[in-house]
A.B. asks: 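Input: one structure, supplied below.
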Amino acid sequence: MPIIFLLSIPCQSTTAIVIVSSNGIVIAMDSKQAIAKVSNGKIEQIGDREGKKALIIKGRFAISSINHESFSLRAGTLALDYNFSTWTRDIERSLPDDVSFDVFVGVVQAELRKVARQIEPFVNIGVVDHYPPWNMLDAFAYYPIVGYEDGSPRLTVLDFYVDWESNTIRGPYQSVVEPSQTPINSVSPNNRIYFFGVYESAVEISVRDSYAYKRAMARCPKALQDLISNRSLTLDESAALSAVLVSIEEETNPDVVNG
């Protein structure tokens with residue numbers, strides 16, 4: 001029998017942009033969720049829908065989901081249903097209002113470990129597709145989490161992987177991006193931009209002859225000029241620029257990225 005998934009395909013078909021400046025943090029994501037049919041180990045996209053891939057937690061933190069936001073797995077007596085929004089809201093209700101960033105991340109990681117262990121039997125029997133087939137370590141899902149702790153911006157990524165050599169799940173692992181590591185995609189000391197998922201075009205925003213630069217200059221020149229001039233972006237500028245970057249990926253990858 002075919003198995004119906006709600007997920008983002010192909011792998012990394014979500015665009016997420018995080019901008020950290022001295023005025024705050026902005027995260028922008030596309031809203032496309034693919035509906036796919038899985039039969040005989042093959043994934044076929046049969047439609048798409050709008051869906052939430054980022055949520056505000058306790059009015060203080062934001063968590064986002066990349067790759068599989070919603071899915072149903074069935075095989076014999078085994079069944080697993082997962083929805084990012086429902087799962088995250090259940091976690092939020094279990095937390096005190098004054099929960100710290102690190103405690104929140106720790107709780108999410110513990111809950112992800114439970115999900116990963118539930119997925120593993122489906123990997124073992126071949127229900128979860130090996131995509132792409134040459135990747136022996138495949139990121140099943142990852143979760144950028146942003147917020148503040150003691151006045152410092154924080155960005156942590158949780159992820160877990162399918163190990164196709166052993167048909168097991170590895171992780172979830174935690175990668176601390178802000179504030180302890182130098183960002184790979186840093187544009188200036190005052191403004192740090194991080195790209196997740198699909199960012200084939202948006203990442204070239206600082207290249208003056210690139211499509212991303214030209215589109216951003218046409219649509220939000222003030223924000224881009226401040227970025228180039230190493231002036232800290234306001235929250236409004238960060239929001240405008242991040243939205244433009246997501247839309248650029250939608251324009252250049254319309255099959256997998258939505259506005």
A.B. asks: Please evaluate residues I119 and I169 with respect to the criterion side-chain contact (heavy atoms from CB on, under 4.5 Å), reporting the C-alpha separation (whole Å), side-chain torsions for both, the decisive distance (0.1 Å), and the verdict.
C.D. replies: CA-CA 8 Å; I119 294 171; I169 299 291; 4.2 Å; yes

A.B. asks: Please name all residues satisfying salt bridge (charged side-chain N to carboxylate O under 4.0 Å, His left out) with R60, sequence neighbours left out, ordered by chain then number.
C.D. replies: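 Checked R60 against salt bridge (charged side-chain N to carboxylate O under 4.0 Å, His left out); zero matches.
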
A.B. asks: What heavy-atom pair brings Y143 and Y82 nearest, and what distance separates the two atoms?
C.D. replies: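 Looking at all heavy atoms of both residues, the closest pair is OH-OH, 2.9 Å.
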
A.B. asks: For the CG atom of D226 and the CZ atom of R231, what is their distance to the nearest 0.5 Å?
C.D. replies: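 Here the rounded value is 4.0 Å.
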
A.B. asks: With a 4.5 Å limit on heavy-atom distance, are the side chains of V157 and I145 in contact?
C.D. replies: no

A.B. asks: Tell me who clusters with V207, hydrophobic residues only, linked when side chains sit under 4.5 Å apart either directly or through other members.
C.D. replies: none

A.B. asks: Keeping the roles fixed (side chain from S64, backbone from P144), state whether a donor-acceptor pair exists under 3.5 Å.
C.D. replies: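 Yes, because the side chain of S64 sits within donor-acceptor range (under 3.5 Å) of the backbone of P144.
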
A.B. asks: Students often mix this up, so state it plainly: with edges at 30° and 60°, are the rings of F84 and W87 parallel, tilted or perpendicular?
C.D. replies: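 Geometry flag for W87 against F84: tilted rings.
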
A.B. asks: To the closest 0.5 Å, what do you measure between OG1 (T15) and CD1 (I66)?
C.D. replies: 8.5 Å

A.B. asks: Please report the shortest heavy-atom distance between S238 and L233, naming the atom on each side.
C.D. replies: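 Between these two residues, the closest heavy atoms are OG-CB, 3.4 Å.
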
A.B. asks: Could you check whether R219 and S247, counting side-chain N and O atoms only, form a donor-acceptor pair closer than 3.5 Å?
C.D. replies: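 Result is yes, a qualifying pair exists.
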
A.B. asks: With sequence neighbours excluded, tell me which residues meet salt bridge (charged side-chain N to carboxylate O under 4.0 Å, His left out) with R208.
C.D. replies: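 By the salt bridge (charged side-chain N to carboxylate O under 4.0 Å, His left out) rule, R208 matches no residue at all.
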
A.B. asks: With sequence neighbours excluded, tell me which residues meet side-chain hydrogen bond (donor to acceptor under 3.5 Å, both in side chains) with S152.
C.D. replies: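 With neighbours one apart ignored, the set is empty.
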
A.B. asks: I'd like to check the side-chain hydrogen bond (donor to acceptor under 3.5 Å, both in side chains) partners of E111; sequence neighbours left out, ordered by chain and number.
C.D. replies: K114

A.B. asks: Say whether, by atom type as modelled, one donor and one acceptor occur between the side chain of E204 and the main chain of S210 under 3.5 angstrom.
C.D. replies: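 No; judged by distance alone, with no hydrogens or angles, the pair does not exist.
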
A.B. asks: Could you pull out all residues at least two apart from Y213 that satisfy ring pair (Phe, Tyr, Trp, His ring centres under 6.0 Å)?
C.D. replies: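 For Y213, no residue satisfies ring pair (Phe, Tyr, Trp, His ring centres under 6.0 Å) once neighbours in sequence are set aside.
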
A.B. asks: Answer whether the closest heavy-atom distance between the side chains of I193 and V18 falls below 4.5 Å.
C.D. replies: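 No, every pair of side-chain atoms sits at 4.5 Å or beyond.
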
A.B. asks: Just how far is it from atom CD1 of I25 to atom OH of Y148, taken to the nearest 0.5 Å?
C.D. replies: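 OH of Y148 is found 4.5 Å from CD1 of I25.
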
A.B. asks: Can you find a heavy atom in the side chain of R74 that is under 4.5 Å from one in the side chain of F122?
C.D. replies: no

A.B. asks: Among all residues two or more places apart in sequence or in another chain, which pass the side-chain hydrogen bond (donor to acceptor under 3.5 Å, both in side chains) test with N124?
C.D. replies: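 For N124 there are no side-chain hydrogen bond (donor to acceptor under 3.5 Å, both in side chains) partners, ignoring immediate neighbours.
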
A.B. asks: Can you confirm whether or not the ring centre of F140 sits under 6.0 Å from the ring centre of Y161?
C.D. replies: no

A.B. asks: Which pair of non-hydrogen atoms, one from A212 and one from S201, has the smallest distance, and what is that distance?
C.D. replies: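 Taking every non-hydrogen atom into account, CB-O, 3.2 Å.
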
A.B. asks: Might you point out which heavy atoms bring I27 and A62 nearest each other, and give the distance in Å?
C.D. replies: CG2-CB, 4.2 Å

A.B. asks: With no hydrogens and no angle check, is any side-chain donor or acceptor of R215 less than 3.5 Å from a backbone partner on A202?
C.D. replies: no

A.B. asks: Would you say the side chain of P153 lies within less than 4.5 Å of the side chain of R192, judging by non-hydrogen atoms?
C.D. replies: yes

A.B. asks: Hey, does the side chain of S242 reach the backbone of A239 with a donor-acceptor pair shorter than 3.5 angstrom?
C.D. replies: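 Side chain of S242 to backbone of A239: a pair is present.
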
A.B. asks: For T156, give me all partners under side-chain hydrogen bond (donor to acceptor under 3.5 Å, both in side chains), at least two apart in sequence or on another chain.
C.D. replies: none

A.B. asks: Nearest 0.5 Å please: distance from the CG atom of L158 over to the CD atom of Q174.
C.D. replies: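 Reported to 0.5 Å precision, the distance equals 5.5 Å.
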
A.B. asks: Using the side chain to side chain donor-acceptor pair (under 3.5 Å) rule, collect all pairs that involve residues 98-109, keeping only residues at least two apart or in two chains.
C.D. replies: D102-R154

A.B. asks: Once rounded to the nearest 0.5 Å, what's the spacing between atom CD of E249 and atom CD1 of I17?
C.D. replies: 7.0 Å

A.B. asks: Taking side chain as C-beta onward, heavy atoms only, is F196 less than 4.5 Å from M29?
C.D. replies: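 No, too far: nothing below the 4.5 Å cut-off.
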
A.B. asks: Closest approach of A243 and A28, non-hydrogen atoms and distance?
C.D. replies: N-CB, 4.3 Å

A.B. asks: Give, for atom CD1 of I63 and atom CD1 of I56, the distance between the pair rounded to the nearest 0.5 Å.
C.D. replies: 11.0 Å

A.B. asks: Test of understanding: with salt bridge (charged side-chain N to carboxylate O under 4.0 Å, His left out), list the residues that count as partners of D97, not counting sequence neighbours.
C.D. replies: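 Salt bridge (charged side-chain N to carboxylate O under 4.0 Å, His left out) check on D97 returns K58.
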
A.B. asks: Please step through side-chain contact (heavy atoms from CB on, under 4.5 Å) for the pair Y173 and F160, ending with a clear verdict.
C.D. replies: CA-CA 6 Å; Y173 302 109; F160 63 95; 5.9 Å; no

A.B. asks: Starting from the C-alpha separation in whole Å, work towards a yes-or-no answer on side-chain contact (heavy atoms from CB on, under 4.5 Å) for L227 and L241.
C.D. replies: CA-CA 10 Å; L227 189 72; L241 185 58; 4.0 Å; yes

A.B. asks: Does V26 sit in a hydrophobic cluster with other residues, and if so which ones, taking ILVMFWY side chains as linked at heavy-atom separations under 4.5 Å, directly or through other members?
C.D. replies: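 Once heavy-atom contacts under 4.5 Å are chained together, V26 belongs with L235.
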
A.B. asks: Looking at S85, is its backbone amide N or carbonyl O close enough to the side chain of T88 to form a donor-acceptor pair, meaning the two atoms are under 3.5 Å apart?
C.D. replies: no

A.B. asks: Show the numbers, then the answer: is there a side-chain contact (heavy atoms from CB on, under 4.5 Å) between I228 and M217?
C.D. replies: CA-CA 11 Å; I228 295 169; M217 186 60 75; 4.2 Å; yes

A.B. asks: Considering residues at least two apart in sequence or located in another chain, which fulfil the salt bridge (charged side-chain N to carboxylate O under 4.0 Å, His left out) criterion with D236?
C.D. replies: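 Here no residue qualifies.
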
A.B. asks: Indicate the atoms forming the closest heavy-atom contact of F101 with V146, along with that distance.
C.D. replies: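 The pair with the smallest heavy-atom distance is CE1-C, 3.5 Å.
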
